[in-house]
Amino acid sequence: MAGNKRIMKELGEIQSNPPDGVSISLPSESDFNVWHATISGPSDSVYAGGNWKVEITLPKEYPFKPPQLSFKTKIYHPNVTNDERGAMCLGMLRADEWKPPNKIADVLKLVRAVMAAPQPEDAVETSIAEQFRNNRKEFDKIAKEWVNKHAK
Amino acid sequence: MAYQQQSEEEVAELQKLSNEYEPEVTGPLVGQREPSTAISTEYASADPVFQAKTAALPQKYSHYRAVRGDGRCGWRSIAYGYFESLIHLGDSNKFLEEEARLRSLSNVLNEAGYDALLYEDFADEMFELMRKVHNALPAGEAETVLHEAFNDEGLQNYTITYLKTLTSAWMKTRQADYAPWLLHQTVPQYCDAQVMPIGAEIDNVSLSALKDVFLSTAGIALEVLYLDRTEGEEVNMHRFDPVNYHGGVTIGTIRLLYRPGHYDILYKVEDFPQPPPPMQTYLQYGSHVDDDPAGEVGCPDFMALIPGMSYVNPHQAWMSNSSYGNDFFATSAPVQQCLPPVQTPAPQAQPQIQPQPVYASPATPTHLVAPPMQMPHEMVIRSVPSHANHGHNGFQHQLSGPFRPSAWELEDGFVQATSQVPFQTSIFRNSHFNTAHFLNPDFQPEEWRPEDESHDDHHAYGISRIPTAIEATLENTKSID
């Protein structure tokens, strides 16, 4: 199917020329719709020094539906659900805002950008967002603790 | 009036309802073509403005096609209409021409910064669909192929994304043309937020850009009919003609019915292939073939083989049933044109006072028996469009009305004496209804010359006096000889 063709193209491109701070692997040789990304924390952020495993699931309608992101490594962040799914869904990742010419590489760049600059107005974890806005010190402290606890 | 008696709250309520109109989100992505009276029925209990507008709709737009309101109906309707226009044109070359044209637009896509690796997937599916429809054209299955393809959601995604990418690229590379239409937004911002996202429905600006890049250059016009609560008896229509493109030639028109938030496709009768003409059309000439073997009446059949020629029984002098329509359509099928002698009361050379049935005898009921079992293939293909047939009948009526039988009748054998040319009056011969003109390279309209009036003594046909109209015929006959 043509969707698969597209995935193969992107996989080839991203493996030969990965975005900064990202590496990609396929957990299963037979399933090209699940990718594993290892994302390093942006150096100028509270997440510096950590590495996060993110599972990217490409729906069978890809590229007409957005990839789904799931943080397999816990992260303290207003835009990532604080549960076992660890879902991130904002901006271009929303189904009605997704554009078929967007690439997975673009998605990964977005993830790193959001790690560097959390977007509390688009938060899924409202209490973390509130803390990020009103008590930045406390937020930074917990986030760094989580990096040391989970992401190293 | 009921409308004026409504309180402001009621009007506001109705306006709210019309704003909240939610089109069907179930059903096929593209429905079948249906009579547009269904829309009138749908709004029969709506408020008076909608009632009046939808009641007037079927008079001009006989059919419509429902498109699923999933937020992409505008894009889908235009894409569908584009293919339908190409199918209706039926020109194989146009498909190839269009594919070449769209392929050449990859320059625009590249210039706008779209990655060829990505957009070629969308474009390839579009071109493949064009070829599939094109290949189904000779078998007459193009419409079926198109309908199936547009109801395949996977394929549909590619086609619509292709159009969106094309529209964005066109706008981004012509920002000066479109920027004035956008408020507080640059063209690239608009494209990213309101064109490219999967859920983004077409709006006025993207519609205009899509029309420019996709339709106008192909020579396809676009009409949008707005069905809303503005005053008026009819839907408001905005038409975009491809004036500056394609040499100004319009190959088709896409008509969209817009209800706030939703598009469907509308059709006029001429927009789609017509069903086969009524049986009666070929019953008339078919029956001659079967009932009257040429040998029995002994007419010289070589005359009937000549395109544009028809031999007509002298007593059937005037419009003998469908003989004129006949010889035009039967040029490649050697159909005998002779009429049954049974029909003619054989008026001899004697003054006739009673109107004769022969003058206006369009297909007597006895002729309208069962259709011939075997129709020559040509006839089915060249079946007479029904309106042409009406024109023909109208002409018959027109002639049979004021025409009075002449006191002068031709003798038997007259036609043989004049080399058996088609026996036609000068009035009909020069009429634009006479299709024989089409086939006669030497045709010249008759001109009146004063000197022709002065002498008529050189006629010697064994009859002492013939009516002037027939004289003129004979004059012309001689020159053909």
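So you know, we letter chains A, B, ... as the sequences are listed, proteins then strands, and number each from 1.
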Open item on the list: Closer than 4.0 angstrom, basic N to acidic O: yes or no for B:Arg131 and B:Glu128?
Closed with: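 No salt bridge links B:Arg131 with B:Glu128.
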Open item on the list: So that I can tick it off, tell me whether B:Glu201 and B:Arg76 are bridged by a salt bridge, with the cut-off set at under 4.0 angstrom between side-chain N and carboxylate O.
Closed with: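 Result for this pair is no, no salt bridge flagged.
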TODO: Check whether NZ of the Lys or CZ of the Arg B:Arg174 lies under 6.0 Å from the centre of the six-membered ring of B:Trp170 and within 45 degrees of that ring's axis.
DONE: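 Cation-pi check for B:Arg174 and B:Trp170: passes.
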Open item on the list: Has A:Thr73 got a side-chain atom pairing as donor or acceptor with A:Lys53's backbone, closer than 3.5 angstrom?
Closed with: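 Yes: the side chain of A:Thr73 pairs with the backbone of A:Lys53.
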Open item on the list: Whether the side chain of A:Asn33 engages the backbone of A:Thr57 through a donor-acceptor N/O pair (distance < 3.5 Å, no angle test) should be reported.
Closed with: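 Between the backbone of A:Thr57 and the side chain of A:Asn33 there is no qualifying donor-acceptor contact (under 3.5 Å).
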- [ ] Mind ranking B:Asp124, B:Asp115, B:Leu117 by heavy-atom pairs under 4.5 Å with chain A and telling me who comes out on top?
- [x]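 If we count pairs closer than 4.5 Å to chain A, B:Leu117 comes out on top.
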TODO: Under 4.5 Å, counting heavy-atom pairs only, tell me which of B:Pro197, B:Gly71, B:Gly199 racks up the most with chain A.
DONE: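 Ranked by heavy-atom pairs under 4.5 Å with chain A, first place is B:Pro197.
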Open item on the list: Between B:Glu120 and chain A, with a heavy-atom cut-off of 4.5 Å, which part of the residue counts as in contact: side chain, backbone, both or neither?
Closed with: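 It is the side chain, since no backbone atom gets that close.
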Open item on the list: Please classify the contact of B:Asn157 with chain A as side chain, backbone, both or neither, using a heavy-atom distance under 4.5 Å.
Closed with: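 Both backbone and side chain.
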Open item on the list: Is A:Lys65 close to chain B through its backbone or its side chain, or both, or neither, when contacts mean heavy atoms under 4.5 Å?
Closed with: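 It is neither, since no heavy atom gets under 4.5 Å.
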